[in-house]
Every structure is written in C-alpha cells, then in structure tokens.
*Asks:* 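Sharing a structure with you now.
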Amino acid sequence: MNEFSNPTKAASCCEPETTAPKNTKTAFFEWKDWKRPLFSLALLLVAIPLEFGAGGYFFSGWVRPLWYAIAYLPVALPVLSRAWSLIRKGEVFTEFFLMGLATLGAFAIGEYPEGVAVMLFYAVGELFQEAAVKKAKGNIQALLDMRPDRVAVWRNGQLHLVAPETVNPGEIAQYKVGERVALDGKLQSKGGLFNTAALTGESLPRHIGAEEDVLAGMVILDRVVDIHVTKRFQESTIARILKLVQGAAARKAKTEQFIRKFAKVYTPMVTYLALALVVVPWFFVPEYDFSTWLYRASVFLVISCPCALVVSIPLGYFGGIGAASKNGILFKGSNFLDLMAKVTTVVMDKTGTLTKGTFEVVKTVSTGGSNDESWKSLAAELERSSMHPIARSIVTQITPNLQDKLLVASEQMEIAGMGIIGKIGHKAVIVGNHRLMLQQEVKGLKKVEEPGMSAVHVAIDGIHQGYFLIADTLKVDAKKAISDLKKCGVKEFFILSGDRQDVTDSVAKELGITQAFGELLPEEKANRLNSIQSSPDRIVAFAGDGINDAPVLALADVGIAMGGLGSDVAIETADVVIQTDQPTKIAKAIQIGRFTRQVVWQNILMALGVKLAVLILGASGMASMWEAVFADVGVALLAILNAVRIQYR
C-alpha cells in the first residue's frame with residue numbers, strides 16, 4: 001500500500017501564485033506498476049495453447065517448468081520478498097506467507113499454470129487495492145495539495161513573498177484573484193466573493209464583507225484583497241482539518257479492531273489446518289497420495305487468505321471519513337462513524353447551533369412621548385465601546401442610518417449581565433435590560449414581553465426613551481435539519497441552552513421540539529445530559545459550538561462541534577466537527593455512518609460466507625486452484641469495489 005505522504009513543495013520565489021493550487025494527484029492506475037503482471041499474463045496466455053499440444057515436443061521436458069518459472073517470478077518475487085522480510089521480524093503468518101507457500105506447493109506437485117495464475121491474480125488484486133486506497137485518500141490528498149507554499153505579506157510598505165509558517169498574527173496578507181488563502185484572518189477590503197468548497201463542500205461562492213472572518217483554504221474569486229491575519233499557520237482552519245482527518249485513521253472502529261485481531265488468530269490457524277490436511281490423511285486414507293493432499297492444502301491456503309477482510313474493511317471506514325470530509329464533516333476516528341450510525345437521540349445547544357449566533361435588531365419602539373429619535377444614535381454611540389454581541393447588533397443596525405456625526409461617549413461603565421451607562425455631551429445615557437433600568441430608577445419604564453426576543457431599553461437623563469427588540473434568528477436550514485433527522489430515525493430531540501427559558505421555548509416551538517431547557521449553566525447542562533443518557537437504550541449525540549458546551553461535548557456518546565463559528569475548545573473536545581455550521585449536516589453524518597457500517601458488514605458476511613463454502617469444497621477435493629482464486633482475489637476485489645461506493649455518498 002502507498003503510505004500517506006505530503007506533496008513535495010515547490011520553491012517559488014518570483015511572484016505569488018495566481019492560479020488554482022498545484023495538482024500533485026497521482027493517477028488512479030500507475031501503468032509502471034503493471035509491467036510485471038502484464039509480462040506474466042502474456043507468458044501464461046501463450047502457455048495455455050502449448051499445454052494442449054500446440055507446442056508439440058518444444059513444450060515438454062525442462063522447457064515447461066522453466067517457462068512457468070519465468071512467468072511466475074516477476075509477480076512472485078515482491079510477495080516472497082515481503083514474506084521473508086516479515087518472517088525475519090517475527091511476523092510469520094501473513095497473507096504473503098500464505099500465498100508464497102500455496103503457490104510454491106503448486107509448483108512442487110507440477111501444477112505450474114495454477115501456481116502462476118494464483119500469484120498473478122493476487123498481484124493484480126494488490127494493485128486494485130492500492131488504487132482503491134489512493135481513491136479513498138483522494139479527498140485528504142486534495143486538502144494537502146491546496147496548501148499554498150507562499151503568501152504575499154505587507155512589511156515596511158512593500159509586499160514580501162514568504163512561507164505561511166513565518167507569518168505572525170497582526171500582519172496583513174494580500175491575495176490576488178484565484179489565489180487560495182493561506183492563513184485565517186479578517187477581511188480588510190470592502191468585500192469579496194470566495195469559493196469555500198474545499199472547506200464546506202458548497203459549490204456556490206460566498207460573499208464575505210469587511211471585518212468578517214476569512215478561513216485558510218478559501219479562494220478569492222473577484223478582486224485583490226487584504227486580510228488581517230489572526231492565527232498562525234499551524235492554528236489555521238486548514239491545518240486543523242488536516243490534523244483531524246489524518247489523525248482519524250489512528251482511532252479504529254470496534255469492527256475494524258476485531259477484524260485485525262481476528263486475522264492474527266485466523267491466519268496461523270488455517271496454516272496449521274493446511275499442514276494437518278497433508279499429514280493427517282496419511283494415517284487414515286488407505287491409498288494416500290502425497291501430491292493430491294498437498295494440492296488440496298495449497299487450495300486451502302489460497303482460499304483462506306484474509307486480505308478481503310483486512311483490506312476492504314479499513315478501506316470502508318477510510319472511505320467514510322473521506323466522504324464525510326468532502327461534505328464538510330470531520331470525523332476524528334472511524335469509531336465515531338460506528339457510533340454515529342447508532343444515534344437515537346440528538347441534543348442541541350441553541351445559540352450558534354440552531355440559530356445564527358448573531359443578534360439582529362428586529363424592531364425599535366419609542367416611548368418618550370415625542371418624535372425625537374436621537375435616543376437611537378446616543379444608544380449606538382454608547383454601545384460602540386462594548387464587544388457584547390447585542391451591543392454590536394445595535395451599532396451595526398443604527399450607525400449606517402445616521403445623518404449626523406456622533407458625539408464621543410465618556411465615563412462609560414459596563415455592568416455585566418445588565419448593560420452600559422455613560423455620558424455623551426451633557427446627557428446621561430443608560431442602555432440595558434429591565435433590571436438595569438430598575439436599578440438606575442429610570443422613570444416611565446414599561447415592562448416589555450415579546451416571546452423569543454430580548455428588549456434593550458434606552459434612558460436619557462433618567463427618563464425612558466424607547467427600546468430595541470433583539471432576536472437571534474434561526475439558521476436557514478434549522479427546520480430541515482430536524483426533518484432530516486426524523487427521516488434518519490432519530491426518536492428524541494432536546495434543546496439545552498443558557499439563554500432565557502422563554503427564548504428557548506420560542507425556538508423549540510418553531511422547530512417542533514417539545515423538550516427544551518433554558519437558563520442552564522455549563523454544569524447544569526452536563527447534569528441534564530447525564531439524566532438524558534441514563535436510559536440504556538439511548539445513544540446520544542450533542543451538538544454545540546461554545547466554550548460552555550465543552551463539558552457536554554465530552555460527556556455525550558458523540559460530541560458534534562459547529563466548526564466555523566465554534567470555539568477552539570469545543571472543536572478540540574468534540575468527536576465530529578461540522579465545518580459548515582449547518583445543522584443539516586448532522587443528519588448527513590448519520591447517513592454516512594450508517595452507509596459505511598452497512599457496507600463493512602456486507603463485506604464481512606460476503607468474504608466469510610464465500611471462503612467458508614470454498615474451504616469445505618477445497619478440503620474435500622471438490623474445488624481447484626481456480627475456485628480458490630475467486631474465493632480470495634475475486635472476493636477481495638468485490639469487497640474493495642463495494643467499499644469504494646462509500647466515497648460517492
């Protein structure tokens with residue numbers, strides 16, 4: 001098998017790349033690998049008519065075994081060499097040992113054509129296996145291929161072409177049309193159109209505005225842009241994806257672990273059974289013929305080779321991980337593919353998972369008794385100093401609509417969980433929730449109750465002037481996400497949120513979820529999840545995005561992090577990362593997990609069923625080497641082709 005390796009980096013020092021990333025992808029079939037099998041096949045095809053007398057006297061005596069030996073060695077030497085090197089390391093009972101022993105046994109009793117054919121088909125099967133593994137790794141290799149070698153950075157007023165690893169947060173990088181972003185950052189230009197397919201699997205370009213996040217791996221499509229770097233190369237989105245996907249192969253599913261352990265016991269067992277098939281009949285069969293029983297033992301060895309299981313099952317799981325990554329879903333191990341397939345209950349955080357996680361001003365209401373709307377501009381100016389998401393939504397909504405130049409706020413004091421107070425000119429301004437207004441003894445205050453929305457009140461010089469209604473709107477695919485999960489057979493849904501209970505209930509009602517719990521602290525979320533998991537027939541997946549979700553992500557049977565907006569802590573803790581932030585991908589992850597598991601078990605049952613039947617026939621003398629070839633190489637190829645289907649899911 002070809003090992004997973006980094007593509008060779010091109011050392012360009014002239015000017016930045018302006019085209020799509022280099023293509024280092026190898027061909028599905030490398031024809032140079034087929035020289036030996038084709039040579040052996042040609043000699044075997046020529047020998048077949050000679051076997052039936054076409055060669056006359058020429059194909060008799062020493063010529064016949066020599067001809068087949070020349071046909072045998074090109075395909076056999078790599079296998080025999082590998083078997084010997086493993087034996088020297090103490091690994092005797094391997095598929096290479098089985099194949100070498102079986103085919104040499106066939107030569108020992110004069111069954112030359114079958115000995116050549118078995119090794120030839122085995123070599124061809126190995127090449128197909130390599131091609132299938134290359135195909136399975138294609139998505140990950142594409143991620144490697146798209147890492148830019150150089151990035152243009154502004155330093156001392158000039159652009160310098162440097163390696164991405166040398167760029168520090170705070171520097172400004174410039175990208176031309178068609179270039180791939182090398183480092184995470186915030187867009188400094190007015191806005192641009194980006195291809196995000198490498199990260200999200202989405203074919204439609206996405207418009208990103210000024211000061212919005214741009215992630216490594218995206219491609220700028222319409223203009224030259226400057227990006228303020230916020231993370232080092234090693235911490236960038238694309239580096240994180242590579243780390244997660246490459247590391248996934250190390251975390252094996254229970255089925256995969258079982259098959260590997262099974263093969264370690266199975267291979268020596270069938271070797272000893274083959275030996276017994278030669279020796280034991282000598283004591284019980286009256287007309288014992290050594291060649292007959294050695295032939296049967298060789299057939300038995302060929303049939304029993306476990307490569308169909310050992311190769312196709314890991315390939316199936318790897319294909320599942322690759323198919324998921326192509327859809328913007330990152331599994332941290334094949335064990336989580338298995339777990340995802342069994343999920344019966346989905347528990348979700350609200351903000352950033354089901355909702356956009358960005359607040360919007362839905363409505364403004366004046367209560368001051370006059371037509372003076374200046375309270376809005378005063379509120380926006382005071383909120384300008386706050387980094388709270390609600391404050392940013394007010395500034396974003398109000399500031400572009402202002403005609404007059406805003407005055408500078410002073411003496412600001414932010415009161416955690418309540419709001420902010422300060423002075424603008426000679427006016428005392430208060431912006432915050434109902435509790436803050438009561439604390440500051442604001443006159444004319446009115447109680448506002450709007451389901452699913454938060455009211456931000458504004459008071460000037462102690463008199464209530466109006467309020468903003470703020471809402472965190474549902475993601476566009478939130479309703480479809482619940483519908484898709486129901487189609488996948490998910491039986492129960494819960495929402496666990498730190499937001500107000502009435503807001504949580506409003507979102508739950510809109511989505512058709514009956515069990516929603518709000519106003520939960522992180523430890524309360526964890527306790528609630530423990531309660532949900534107490535039922536033994538539930539396999540629980542939790543989806544969240546914030547630091548406060550990390551304990552619950554760790555506790556869940558499957559933790560799912562929203563990777564675009566999610567915190568680094570949540571992403572590190574989770575078992576599955578949804579790079580697109582789309583809740584519909586949860587159902588897609590379940591579908592891929594179930595399809596992978598289905599294909600893996602199809603391969604197991606097919607391989608064991610066919611091998612068992614032909615083993616019985618071979619031991620009783622009713623199956624020849626040709627049936628053995630089908631039971632080994634044929635079944636392996638069928639299993640591999642079946643596993644490859646996962647990659648197109």
Side-chain angles (χ1 to χ4, degrees), residues 185-192 207-214 226-228 230 351-352 355-368 371-437 440 442 445 448 450 452-461 463-475 498-500 503 545-546 564-565 567:
K186 289 189 177 293
L187 190 63
Q188 298 296 292
S189 308
K190 291 182 179 179
H207 182 271
I208 296 178
E211 294 302 320
E212 290 186 347
D213 290 330
V214 180
D226 285 343
I227 294 175
H228 180 266
T230 56
T351 307
T355 62
K356 293 179 181 178
T358 55
F359 293 92
E360 297 177 8
V361 176
V362 177
K363 187 178 180 182
T364 60
V365 179
S366 296
T367 59
N371 294 325
D372 185 8
E373 299 285 305
S374 63
W375 64 271
K376 298 178 185 178
S377 61
L378 294 173
E381 180 56 36
L382 188 63
E383 292 280 37
R384 190 186 293 275
S385 63
S386 174
M387 294 307 295
H388 193 282
I390 289 179
R392 303 316 303 165
S393 70
I394 292 173
V395 173
T396 301
Q397 174 77 14
I398 303 302
T399 303
N401 300 322
L402 297 178
Q403 302 297 323
D404 301 326
K405 185 178 179 181
L406 294 175
L407 298 171
V408 178
S410 62
E411 301 180 26
Q412 299 106 314
M413 182 172 69
E414 192 159 352
I415 302 171
M418 297 176 74
I420 188 170
I421 61 177
K423 293 192 74 174
I424 299 179
H426 298 292
K427 295 181 179 182
V429 183
I430 306 170
V431 183
N433 59 22
H434 193 266
R435 284 189 298 155
L436 180 61
M437 297 295 139
Q440 298 296 315
V442 169
L445 178 64
V448 179
E450 291 283 350
M453 290 185 276
S454 301
V456 178
H457 298 271
V458 180
I460 308 295
D461 291 332
I463 300 173
H464 191 263
Q465 301 294 318
Y467 57 88
F468 301 100
L469 285 177
I470 310 290
D472 180 11
T473 54
L474 280 176
K475 289 183 177 178
D499 207 344
R500 297 200 327 263
V503 176
D545 72 313
L565 294 173
S567 72

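All values reported here derive from a predicted model rather than from experimental measurement.
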*Asks:* Please report the closest heavy-atom contact between Ser374 and Ser377, naming both atoms and the distance.
*Replies:*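 Here Ser374 and Ser377 meet closest at O-OG, 2.8 Å.
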
*Asks:* For the pair Glu211 (side chain) and Gly209 (backbone), establish whether a donor and an acceptor sit closer than 3.5 Å, ignoring hydrogens and angles.
*Replies:*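 Such a contact is absent between Glu211 side chain and Gly209 backbone.
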
*Asks:* Partners of Ser189 by side chain to side chain donor-acceptor pair (under 3.5 Å), sequence neighbours excluded?
*Replies:*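 Listed in chain order: nothing, the list is empty.
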
*Asks:* Flag yes if more than 12 heavy atoms outside Lys186 fall under 6.0 Å of its NZ atom; otherwise flag no.
*Replies:*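 Yes, the 6.0 Å shell around NZ holds more than 12 heavy atoms from other groups.
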
*Asks:* Would the distance check show the side chain of Thr355 and the main-chain N or O of Leu474 forming a donor-acceptor pair, the cut-off being under 3.5 Å?
*Replies:*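 Absent.
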
*Asks:* I need the Ile460 CD1 to Gln465 CD distance, nearest 0.5 Å.
*Replies:*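 Those atoms lie 5.5 Å apart.
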
*Asks:* Suppose we screen for salt bridge (Lys or Arg N to Asp or Glu O under 4.0 Å). Which residues come up paired with Lys427, at least two apart in sequence or across chains?
*Replies:*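 For Lys427, no residue satisfies salt bridge (Lys or Arg N to Asp or Glu O under 4.0 Å) once neighbours in sequence are set aside.
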
*Asks:* Within this structure, what is the CD1-CD distance for the pair Ile227 and Glu212, rounded to the nearest 0.5 Å?
*Replies:*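 One finds 12.0 Å between CD1 of Ile227 and CD of Glu212.
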
*Asks:* Just how far is it from atom CD1 of Ile208 to atom CG of Leu187, taken to the nearest 0.5 Å?
*Replies:*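 Output value for this atom pair is 7.0 Å.
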
*Asks:* Give me the atom names and distance for the closest heavy-atom approach of Val456 to Ile470.
*Replies:*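 Heavy atoms of Val456 and Ile470 come nearest at CG2-CG1, 3.7 Å.
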
*Asks:* Anything under 30° is parallel, anything over 60° is perpendicular, the rest tilted; go ahead and classify His434 against His457.
*Replies:*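 The arrangement is perpendicular - the two ring planes meet at more than 60°.
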
*Asks:* Can you give me the closest heavy-atom contact between Ala471 and Val362, atom names plus distance?
*Replies:*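 Heavy-atom minimum between the residues: CB-CG2, 3.5 Å.
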
*Asks:* Check Ala380 against Ile394 and note the closest heavy-atom contact, atom names and distance.
*Replies:*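 Smallest interatomic distance, heavy atoms only, reads CA-CG2, 4.3 Å.
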
*Asks:* NE2/His464 to CD1/Ile430 distance, rounded to the nearest 0.5 angstrom?
*Replies:*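 Reported to 0.5 Å precision, the distance equals 10.0 Å.
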
*Asks:* If you compare all heavy atoms of Tyr467 against all heavy atoms of Ala455, which two are closest, and at what distance to 0.1 Å?
*Replies:*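 Heavy-atom minimum between the residues: CD1-CB, 4.5 Å.
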
*Asks:* If you compare all heavy atoms of Ile421 against all heavy atoms of Leu436, which two are closest, and at what distance to 0.1 Å?
*Replies:*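 Closest heavy-atom pair between Ile421 and Leu436: CG2-CD2, 4.5 Å.
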
*Asks:* Can you measure from CD (Glu360) to OG1 (Thr396) and round to the nearest 0.5 angstrom?
*Replies:*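 The CD atom of Glu360 sits 10.0 Å away from the OG1 atom of Thr396.
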
*Asks:* Among Val361, Thr364, Val448, find the residue that satisfies the side chain to side chain contact (heavy atoms under 4.5 Å, CB included) test when tested with Leu469.
*Replies:*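 The option that passes is Val448.
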
*Asks:* Do Phe468 and Val458 have side chains that get closer than 4.5 Å, going by heavy atoms?
*Replies:*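 In short, these two side chains touch, coming nearer than 4.5 Å.
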
